[in-house]
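Any value given below was found using the heavy atoms of this structure, including those in side chains, with hydrogens, waters and symmetry copies removed. So that the names make sense, note that chain A is the first sequence line, chain B the second, and so on, each numbered from 1.
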Amino acid sequence: MPELPEVETIICGIKNQIINQEIADVIVRQRKLRWLIPRNIESKLIHSVFCKVSRRGKYLLLIANHGTLILHLGMSGKLQILPGDHLPDKHEHFAIVFANGKSLCLTDPRRFGAVLWTALNPLEHKLLASLGPEPLTVDFSADYLFSKCKNRTTKIKSLLMDSHIVVGVGNIYASEALFFAGVLPCRLAKSLTAEESAKLVRAVKEVLKKAIKKGGTTIRDYVTSDGNFGCFQNYLHVYGRTGTSCRKCNTLIEEQRLGNRSTFYCPKCQR
DNA sequence: AGTGCGGCCTGTCCGC
DNA sequence: TGCGGACAGGCCGCAC
């Protein structure tokens, strides 16, 4: 399930292969993703080139000089560079064929992903405009998180996963960051001290940075753009480890449902 | 305004 | 072996 480190890894993998490559064809096999792929997407893309690839949160931005293709991988989306003559997977819904013969292919069995086009500044797009700060910038600071936690009665894990507070922190990395900060996921946001907020901000940054270094986390679906698996799953401390012993204190890791999400924690290391 | 939940999807796994 | 149901989960959009 692509979270920020996975999206970052994918960008590294595809960037140099698609920038300045002329688009020869666009194939839409399944228009119905989270939203319909715009009808005119083909005419927007064919014969143009992407001059820049970046991301905002988990949204990938493929920037051309007349607009931006916005991609979201949902939870089962894969983005891969494949030979133009490859046999498409059953769930390959969208492909951009470049003049050099290679294709950028979106495969997404669960179809929670999205393909959008905007002619405007993508950061002003409805879906992106109200997003919170990037976790790896100075804007995501101890003071910032502490101020957002004030008076909030929601659980700290839910707040951490709210993209309007901070982007890119999904279920896996929220559990992991809370472990390293020593904070129980079910704590109310407003109960965090300034010190705990600071610890949590540091933990989020460190967990995400390390995950990017390791090429992301492969639980089931995720592969990098060259078809490899990430390897951060080998470094997880709580996520998916219910009933196994804590890597710090040997206490058994516990699991609970929080906001309809599986949540993992060490009852001794986290308070 | 803040909070919580339903809906969108399909593959996988479990129990009967 | 086959089948139904639970579960996985990002994130919008709605209801309270």
Next on the checklist: So, does A:Tyr173 get its side chain near the phosphate of C:dG10, meaning an N or O under 4.0 Å from OP1 or OP2?
Outcome noted: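 No, A:Tyr173 has no side-chain N/O under 4.0 Å of OP1/OP2 on C:dG10.
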Checklist entry - A:Thr154 side chain N/O closer than 4.0 Å to the phosphate oxygens (OP1, OP2) of B:dG4? => result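 For A:Thr154, the contact criterion (side-chain N or O under 4.0 Å from OP1 or OP2 of B:dG4) is met.
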Checklist entry - What does A:Leu73 touch in the nucleic acid at a heavy-atom separation under 4.0 angstrom: a base, only the sugar-phosphate, or nothing? => result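 The answer is nothing, as A:Leu73 stays clear of every strand by at least 4.0 Å.
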Checklist entry - Checking all strands, does A:Lys190 fall into the base, sugar-phosphate, or nothing category for heavy-atom contacts under 4.0 angstrom? => result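 No contact.
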Item to check | Residue whose closest nucleotide on DNA chain B lies nearer the 5' end, A:Lys90 versus A:Thr153 | outcome: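 Nearer the 5' end of the strand: A:Thr153.
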Item to check | Electrostatic pair A:Glu206:A:Lys213 at N-O distance under 4.0 angstrom | outcome: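 Looking at A:Lys213 together with A:Glu206, the answer is no, because their closest N to O distance does not fall below 4.0 Å.
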Item to check | Salt bridge present between A:Arg271 and A:Glu196 (N-O < 4.0 angstrom) | outcome: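 Between A:Glu196 and A:Arg271 there is no salt bridge, as every charged N stays at least 4.0 Å from the carboxylate O atoms.
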Item to check | Whether A:Phe98 and A:Phe50 hold their rings parallel, tilted or perpendicular, with breakpoints at 30° and 60° | outcome: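 Correct class here is perpendicular.
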[atom1] of [X] versus [atom2] of [N]: gap in Å, rounded?
X	N	atom1	atom2	value
A:His93	B:dC9	NE2	P	11 Å
A:Asp108	C:dC11	CG	P	13 Å
A:Arg31	B:dC8	CZ	C1'	19 Å
A:Asn171	C:dG9	CG	C1'	7 Å
A:Glu3	C:dG9	CD	P	9 Å

Next on the checklist: Quick check: closest heavy atoms across A:Thr193 and A:Phe146, and the distance to 0.1 Å?
Outcome noted: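 Looking at all heavy atoms of both residues, the closest pair is C-CE1, 3.6 Å.
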Checklist entry - Is there a donor N/O on one and an acceptor N/O on the other, under 3.5 Å, for the side chain of A:Arg261 and the base of C:dG10? => result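 For A:Arg261, whose side chain was compared with the base of C:dG10, there is a donor-acceptor pair (under 3.5 Å).
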Checklist entry - Per the atom types in the model, does the base of C:dC11 pair as donor or acceptor with the side chain of A:Arg34 at under 3.5 Å? => result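 Side chain to base: pair found, below 3.5 Å.
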Checklist entry - Dot-bracket for DNA chain C, 5' to 3', counting Watson-Crick or G-U wobble pairs under 3.5 Å, with [ ] for crossing pairs and | for inter-strand pairs? => result .|||||||||||||||
Checklist entry - Okay, side chain of A:Glu255, backbone of A:Thr242: is any donor-acceptor separation there less than 3.5 Å? => result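 Side chain of A:Glu255 to backbone of A:Thr242, a donor-acceptor pair under 3.5 Å: no, none is there.
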Next on the checklist: Looking at A:Asn171 and A:Ser262, would you say the former's side chain and the latter's main chain have a donor-acceptor pair under 3.5 Å?
Outcome noted: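 Yes; at least one donor-acceptor contact below 3.5 Å.
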Next on the checklist: Nearest to the A:Tyr239 side chain among B:dC9, C:dG13, C:dA8, which nucleotide is it?
Outcome noted: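 Of the options given, the side chain of A:Tyr239 lies nearest C:dA8.
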Item to check | From A:Phe179, A:Phe232, A:Tyr239, residue fulfilling ring pair (Phe, Tyr, Trp, His ring centres under 6.0 Å) relative to A:Tyr173 | outcome: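 For A:Tyr173, the ring pair (Phe, Tyr, Trp, His ring centres under 6.0 Å) test succeeds with only one of A:Phe179, A:Phe232, A:Tyr239, which is A:Phe232.
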Checklist entry - Do A:Phe112 and the base of B:dC8 stack face to face, with centres under 5.5 Å apart and an angle between planes under 30°? => result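 Given the distance and angle limits, yes, they stack.
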